[in-house]
Amino acid sequence: YGEVDITMDMDALLRSSAPLALKVIVPFWLSCAPYFNSDVKVQKAALTHIKNYCAAAVKYPRLIPKGLFEACAEHFTLHLWRLSYCGGNMSEEISAFGHFLQSFMKYFYPRWSHLKKKSGKQKKKIRIGYISSNFRNQAVSFYMVNRILHADKEKFEIVTLSLERRRDKITERIIKKSDEYIAITELQDLDVIAQTIVDADVDVLIYTDIGMDPQTYKLAAMQLAPIQ
C-alpha cells in the first residue's frame with residue numbers, strides 16, 4: 001500500500017509529460033487501502049491523495065481520457081468504501097469525489113446532465129424508483145426492502161430498477177411487491193441504463209448503493225429524475 005509520508009502534487013503530475021501509465025499507477029498506489037485492518041495514518045494519507053487527485057482532475061478534463069475516468073471511478077469507490085471502516089469524518093473527501101464524478105459525467109455524458117421536463121396530467125400517485133445492483137440476499141436489500149414491501153400503495157407506486165447480475169428469493173419478494181420491476185442487464189452501457197431510468201418516468205429516484213457500486217455512483221451524478 002501507498003507510503004503514508006509521501007506528498008504528491010497531483011496538478012503537476014497530470015500536467016506533466018509523464019506517460020499515462022505513470023499518471024494512473026502513482027495515484028492508484030497512493031490511494032490504496034487494505035481490505036482489513038487499515039489504521040488512521042493510512043486512512044488519512046489515502047484520503048488526502050484521493051481528494052487532491054479529484055480536485056486536480058476537474059481542472060484539466062481534457063487531460064483525463066474516458067478510460068482513465070472510468071478506472072478512477074471504480075478504484076476510488078472501492079477504496080473510499082474500505083477507508084470508511086476506519087471511522088471518522090470523510091465528508092470532505094467524499095464531496096471531492098462526488099464533484100469529480102459529476103464534472104466528468106457532465107463532460108463525457110452531456111445528454112444526461114439536465115432532465116427534460118415532461119408535460120402531461122398530474123399523477124394520482126407519486127412514483128418512487130429504487131435502483132440497485134444488489135436486490136438479492138445482500139446488505140443493501142436488508143436495510144431497504146421494507147420500504148418496498150410496506151409502501152403505502154394508496155400514495156405511492158413503487159418502481160424497482162435492478163442492475164441485475166443474479167436473482168434469489170429476496171429478489172422474487174421484491175418483484176412481487178413492486179408495481180413495476182425493471183431488470184437492466186446491459187450493465188456497461190451507461191447511455192442504455194440512463195435511458196431506461198428516464199423512460200421509467202419516476203418522480204423520485206433513490207440510489208440505494210451509493211458508496212458501494214461505481215455504476216450507481218456514476219448514474220447518481222446524472223440528472224435522471226426530478227428528485228434524486
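Worth knowing before you read on, the calculation uses all heavy atoms, side chains too, and leaves out hydrogens, waters and symmetry mates. Just so it is clear, the model here is predicted, and its values are computed rather than measured.
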Kindly write out the residues that satisfy ring-ring contact (aromatic ring centres under 6.0 Å, His included) with Phe142, not counting sequence neighbours, or none if the list is empty. none
Return yes if a side-chain donor-acceptor contact under 3.5 Å exists between Thr216 and Asp213, otherwise no. yes
The complete set of side-chain hydrogen bond (donor to acceptor under 3.5 Å, both in side chains) pairs with one or both residues in residues 172-182, sequence neighbours excluded, reads Arg127-Glu180, Thr160-Ser178, Ser162-Tyr181, Glu164-Tyr181
By ring-ring contact (aromatic ring centres under 6.0 Å, His included), which residues pair with Tyr130, not counting sequence neighbours? none
Would you find a donor on one side and an acceptor on the other, under 3.5 Å apart, between the side chain of Glu157 and the backbone of Val159? no
Would you compute the distance between atom CG of Leu163 and atom CD1 of Ile184 and round it to the nearest 0.5 angstrom? 5.0 Å
How far apart are the closest heavy atoms of Ala73 and Phe97, and which atoms are they? O-CZ, 3.8 Å
Would the distance check show the side chain of His79 and the main-chain N or O of Ala33 forming a donor-acceptor pair, the cut-off being under 3.5 Å? yes
Start with the C-alpha distance between Asp168 and Thr171, add both sets of side-chain angles, then the distance that settles side chain to side chain donor-acceptor pair (under 3.5 Å), and finish with yes or no. CA-CA 5 Å; Asp168 58 22; Thr171 314; 3.2 Å; yes
List in chain and number order the residues that pass ring-ring contact (aromatic ring centres under 6.0 Å, His included) with Tyr207, two or more places apart in sequence or in another chain; answer none if no residue qualifies. none
With sequence neighbours left out, write down each residue that passes side chain to side chain donor-acceptor pair (under 3.5 Å) with Asn137, or none if nothing qualifies. none
Pairwise distance CE(Met90) to CD(Gln43) - rounded to 0.5 angstrom: 6.0 Å
Where the side chain of His75 meets the backbone of Phe28, is there a donor-acceptor pair that is under 3.5 Å apart? yes
I need the single residue from Tyr217, Phe69, Trp112, Phe100 that forms a side-chain contact (heavy atoms from CB on, under 4.5 Å) with Met105. Which is it? Phe69
Taking Ser133's backbone N and O only, do any of them form a donor-acceptor pair with Asp209's side chain (distance below 3.5 Å, no angle check)? yes
Asp189 (side chain) donor-acceptor with Val192 (main chain) under 3.5 angstrom: yes
Nearest atoms (heavy-atom pairs only) where Tyr143 meets Thr208: OH-O, 2.9 Å
Roughly how far apart are Ile128 CD1 and Lys155 NZ, rounded to 0.5 Å? 11.0 Å
Is Glu70 salt-bridged to Lys218, going by a charged N under 4.0 Å from an acidic O? yes
Will you find, in the side chains of Asp191 and Gln195, an N or O donor that is under 3.5 Å from an N or O acceptor? no
Sequence neighbours excluded, every pair satisfying side-chain hydrogen bond (donor to acceptor under 3.5 Å, both in side chains) that has a member inside residues 13-26: Arg15-Tyr60
Is a donor on one side and an acceptor on the other found under 3.5 Å between the side chain of Arg136 and the backbone of Arg167? no
